[in-house]
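In what follows, a single structure is set out as C-alpha coordinates and then discussed.
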Amino acid sequence: MKILVTVASRHGATREIAENIATAAGSALTDAGVGSRIEVCDASLVTSVEGYDAVVLGSAVYMGHWLEPAVKFAETFVDELRGLPVWVFSSGPVGERDQQADEPAGAADVVMRLGARAHRLFGGKLDRHALHLPERAMVAALRVQDGDHRDWPSIRAWGREIGATLAVTEVAGSRS
(Lines give C-alpha, C1' and ligand atoms only; values in the text may rest on other atoms or scores of the structure.)
Protein backbone atom coordinates (compact mmCIF):
# COMPACT_ATOMS: atom_id res chain seq x y z
CA MET A 1 0.00 0.00 0.00
CA LYS A 2 1.41 3.36 -1.05
CA ILE A 3 0.37 6.42 0.98
CA LEU A 4 1.13 10.09 0.46
CA VAL A 5 1.26 12.39 3.47
CA THR A 6 1.53 15.87 2.03
CA VAL A 7 1.81 19.05 4.03
CA ALA A 8 2.16 22.81 3.88
CA SER A 9 4.34 24.07 6.73
CA ARG A 10 5.94 27.46 7.08
CA HIS A 11 8.44 26.79 9.89
CA GLY A 12 8.48 22.97 10.09
CA ALA A 13 6.18 22.27 13.06
CA THR A 14 3.30 21.04 10.88
CA ARG A 15 5.69 18.88 8.87
CA GLU A 16 6.75 17.24 12.15
CA ILE A 17 3.07 16.39 12.71
CA ALA A 18 2.88 14.88 9.22
CA GLU A 19 5.98 12.78 9.87
CA ASN A 20 4.50 11.46 13.12
CA ILE A 21 1.21 10.61 11.39
CA ALA A 22 3.12 8.76 8.67
CA THR A 23 5.18 6.78 11.18
CA ALA A 24 2.13 5.84 13.26
CA ALA A 25 0.07 4.85 10.19
CA GLY A 26 2.97 2.71 8.95
CA SER A 27 3.26 1.00 12.33
CA ALA A 28 -0.47 0.18 12.35
CA LEU A 29 -0.25 -1.26 8.84
CA THR A 30 2.82 -3.34 9.76
CA ASP A 31 1.07 -4.61 12.90
CA ALA A 32 -1.83 -5.73 10.69
CA GLY A 33 0.54 -7.53 8.31
CA VAL A 34 0.10 -5.02 5.49
CA GLY A 35 3.20 -3.82 3.70
CA SER A 36 3.34 -0.11 3.05
CA ARG A 37 5.39 2.67 1.59
CA ILE A 38 4.58 6.07 3.05
CA GLU A 39 6.01 9.25 1.60
CA VAL A 40 5.97 12.62 3.35
CA CYS A 41 6.21 15.46 0.85
CA ASP A 42 5.69 19.22 0.77
CA ALA A 43 2.36 19.98 -0.92
CA SER A 44 4.03 22.44 -3.28
CA LEU A 45 6.28 19.67 -4.66
CA VAL A 46 3.60 17.10 -5.50
CA THR A 47 3.07 16.77 -9.25
CA SER A 48 0.76 13.73 -9.26
CA VAL A 49 -1.20 11.50 -6.90
CA GLU A 50 -1.22 8.64 -9.40
CA GLY A 51 -0.15 5.36 -7.85
CA TYR A 52 -1.13 6.27 -4.29
CA ASP A 53 -3.71 4.23 -2.42
CA ALA A 54 -4.48 6.94 0.15
CA VAL A 55 -3.60 10.56 0.94
CA VAL A 56 -3.27 12.59 4.13
CA LEU A 57 -3.24 16.35 3.53
CA GLY A 58 -2.23 18.82 6.22
CA SER A 59 -1.63 22.53 6.55
CA ALA A 60 -0.41 25.00 9.08
CA VAL A 61 -3.00 27.64 9.88
CA TYR A 62 -2.04 31.32 9.85
CA MET A 63 -4.55 34.05 10.59
CA GLY A 64 -7.30 31.45 10.44
CA HIS A 65 -6.46 30.16 6.95
CA TRP A 66 -4.63 27.24 5.40
CA LEU A 67 -1.37 27.93 3.59
CA GLU A 68 -1.61 28.40 -0.17
CA PRO A 69 0.32 25.22 -1.16
CA ALA A 70 -2.23 23.01 0.66
CA VAL A 71 -5.19 24.86 -0.86
CA LYS A 72 -3.61 24.64 -4.31
CA PHE A 73 -2.89 20.91 -3.85
CA ALA A 74 -6.54 20.26 -2.96
CA GLU A 75 -7.77 22.32 -5.94
CA THR A 76 -5.33 20.76 -8.41
CA PHE A 77 -6.03 17.13 -7.51
CA VAL A 78 -9.68 17.32 -6.42
CA ASP A 79 -10.91 14.82 -9.04
CA GLU A 80 -8.22 12.24 -8.27
CA LEU A 81 -8.53 12.67 -4.51
CA ARG A 82 -12.29 12.08 -4.57
CA GLY A 83 -11.48 8.52 -5.70
CA LEU A 84 -9.07 7.82 -2.84
CA PRO A 85 -9.33 7.54 0.93
CA VAL A 86 -8.30 11.02 2.13
CA TRP A 87 -7.75 12.43 5.61
CA VAL A 88 -7.14 16.12 6.35
CA PHE A 89 -5.51 17.89 9.28
CA SER A 90 -4.79 21.44 10.35
CA SER A 91 -2.21 22.73 12.80
CA GLY A 92 -1.92 26.11 14.34
CA PRO A 93 -4.03 27.07 17.31
CA VAL A 94 -1.88 27.97 20.29
CA GLY A 95 -2.90 28.57 23.89
CA GLU A 96 -6.47 28.04 25.04
CA ARG A 97 -8.44 26.35 22.30
CA ASP A 98 -12.07 26.43 21.27
CA GLN A 99 -12.48 23.68 18.66
CA GLN A 100 -15.26 25.49 16.79
CA ALA A 101 -13.68 28.95 16.89
CA ASP A 102 -10.26 27.60 15.86
CA GLU A 103 -11.57 25.74 12.80
CA PRO A 104 -9.66 27.19 9.82
CA ALA A 105 -11.65 29.11 7.23
CA GLY A 106 -12.32 26.86 4.27
CA ALA A 107 -11.34 23.59 5.97
CA ALA A 108 -14.91 22.25 5.96
CA ASP A 109 -15.14 23.06 2.25
CA VAL A 110 -11.91 21.17 1.51
CA VAL A 111 -13.17 18.16 3.47
CA MET A 112 -16.45 18.20 1.55
CA ARG A 113 -14.92 18.75 -1.90
CA LEU A 114 -12.36 15.96 -1.41
CA GLY A 115 -14.80 13.59 0.25
CA ALA A 116 -12.30 13.32 3.11
CA ARG A 117 -13.01 10.77 5.80
CA ALA A 118 -12.07 13.14 8.61
CA HIS A 119 -10.51 16.46 9.52
CA ARG A 120 -8.47 16.89 12.70
CA LEU A 121 -7.35 20.14 14.24
CA PHE A 122 -4.11 19.90 16.20
CA GLY A 123 -2.49 22.54 18.34
CA GLY A 124 0.54 24.25 16.90
CA LYS A 125 3.94 25.40 18.00
CA LEU A 126 4.99 29.00 18.43
CA ASP A 127 8.62 30.07 18.68
CA ARG A 128 8.77 33.78 17.96
CA HIS A 129 12.53 33.52 17.32
CA ALA A 130 11.76 31.45 14.21
CA LEU A 131 9.24 33.99 12.88
CA HIS A 132 9.77 36.75 10.34
CA LEU A 133 9.33 40.34 11.49
CA PRO A 134 5.69 40.78 10.37
CA GLU A 135 4.76 37.48 12.06
CA ARG A 136 6.49 38.53 15.28
CA ALA A 137 4.58 41.82 15.22
CA MET A 138 1.27 39.98 14.83
CA VAL A 139 2.10 37.57 17.67
CA ALA A 140 3.04 40.49 19.91
CA ALA A 141 -0.17 42.36 19.05
CA LEU A 142 -2.26 39.28 19.86
CA ARG A 143 -0.24 38.64 23.04
CA VAL A 144 0.23 34.99 22.17
CA GLN A 145 2.72 33.06 24.29
CA ASP A 146 5.49 30.88 22.87
CA GLY A 147 5.07 27.16 23.36
CA ASP A 148 4.53 23.77 21.80
CA HIS A 149 0.82 22.97 21.91
CA ARG A 150 0.98 19.82 19.79
CA ASP A 151 -0.63 16.81 21.49
CA TRP A 152 1.73 14.06 20.35
CA PRO A 153 -0.26 11.14 21.80
CA SER A 154 -3.40 12.33 19.95
CA ILE A 155 -1.46 12.91 16.74
CA ARG A 156 0.07 9.43 16.85
CA ALA A 157 -3.27 7.85 17.79
CA TRP A 158 -4.89 9.45 14.76
CA GLY A 159 -2.07 8.18 12.53
CA ARG A 160 -2.59 4.67 13.92
CA GLU A 161 -6.33 5.02 13.35
CA ILE A 162 -5.69 5.90 9.69
CA GLY A 163 -3.33 2.94 9.31
CA ALA A 164 -5.77 0.55 10.98
CA THR A 165 -8.61 1.73 8.73
CA LEU A 166 -6.47 1.22 5.63
CA ALA A 167 -5.34 -2.20 6.88
CA VAL A 168 -8.93 -3.38 7.25
CA THR A 169 -9.70 -2.16 3.74
CA GLU A 170 -6.58 -3.85 2.32
CA VAL A 171 -7.22 -7.16 4.08
CA ALA A 172 -10.90 -7.15 3.04
CA GLY A 173 -9.90 -6.35 -0.55
CA SER A 174 -7.39 -9.19 -0.69
CA ARG A 175 -10.10 -11.68 0.33
CA SER A 176 -12.41 -10.76 -2.52
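Keep in mind that this is a model prediction, so the values were computed, not measured.
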Taking every heavy atom of Leu29 against every heavy atom of Gly163, the minimum-distance pair comes out as CD2-O, 3.4 Å
Looking at Ile17 and Gly123, what are the two nearest heavy atoms and their distance? CD1-O, 4.1 Å
Should Leu121 and Pro104 count as side-chain neighbours, where that means a heavy-atom distance under 4.5 Å? yes
Taking atom CZ of Arg113 as the centre, does the number of heavy atoms from other residues, nucleotides or ligands within less than 6.0 Å exceed 12? yes
Given side chains that start at C-beta, do those of Leu81 and Val55 come closer than 4.5 Å, heavy atoms only? yes
Start with the C-alpha distance between Ile162 and Arg117, add both sets of side-chain angles, then the distance that settles side chain to side chain contact (heavy atoms under 4.5 Å, CB included), and finish with yes or no. CA-CA 10 Å; Ile162 291 168; Arg117 295 183 177 210; over 6 Å; no
With side chain to side chain donor-acceptor pair (under 3.5 Å) as the rule and sequence neighbours excluded, what pairs involving residues 64-86 come up? Trp66-Ser90
Could you tell me whether the side chain of Ser36 and the main chain of Ile38 form a donor-acceptor pair under 3.5 Å? no
When you compare the side chain of Phe73 with that of Val49, does any pair of heavy atoms fall below 4.5 Å? yes
Interatomic distance, CG@Leu4 vs CG@Leu57, rounded to 0.5 Å, equals 8.5 Å
List the steps and the verdict of side chain to side chain contact (heavy atoms under 4.5 Å, CB included) for Phe89 and Val7. CA-CA 9 Å; Phe89 75 92; Val7 63; 4.2 Å; yes
Taking the side chain from Thr169 and the backbone from Thr165, do they hold a donor-acceptor pair closer than 3.5 Å? yes
Step-by-step side chain to side chain contact (heavy atoms under 4.5 Å, CB included) determination, Arg10 to Leu67: CA-CA 8 Å; Arg10 192 170 285 167; Leu67 297 179; 3.3 Å; yes
Closest non-hydrogen atom pair between Thr6 and Ala43, with its separation: OG1-CA, 3.0 Å
Which residue is it: Ile3, Ile21, Leu166, Val111? I am looking for the one with a side-chain contact (heavy atoms from CB on, under 4.5 Å) to Trp87. Leu166
Within-4.5 Å side-chain heavy-atom neighbours: Cys41 and Arg15: no
Within the side chain of Arg150, is there an N or O that forms a donor-acceptor pair under 3.5 Å with the backbone of Ser91? no
Spacing of CE belonging to Met1 relative to OH belonging to Tyr52, to within rounding of 0.5 Å: 14.0 Å
If you look only at pairs with a residue in residues 154-164, which of them pass as a side chain to side chain donor-acceptor pair (under 3.5 Å), with sequence neighbours excluded? Asn20-Arg156, Asp31-Arg160, Asp151-Ser154
Got Glu39 and Val5 here, is their nearest side-chain heavy-atom distance under 4.5 Å? no
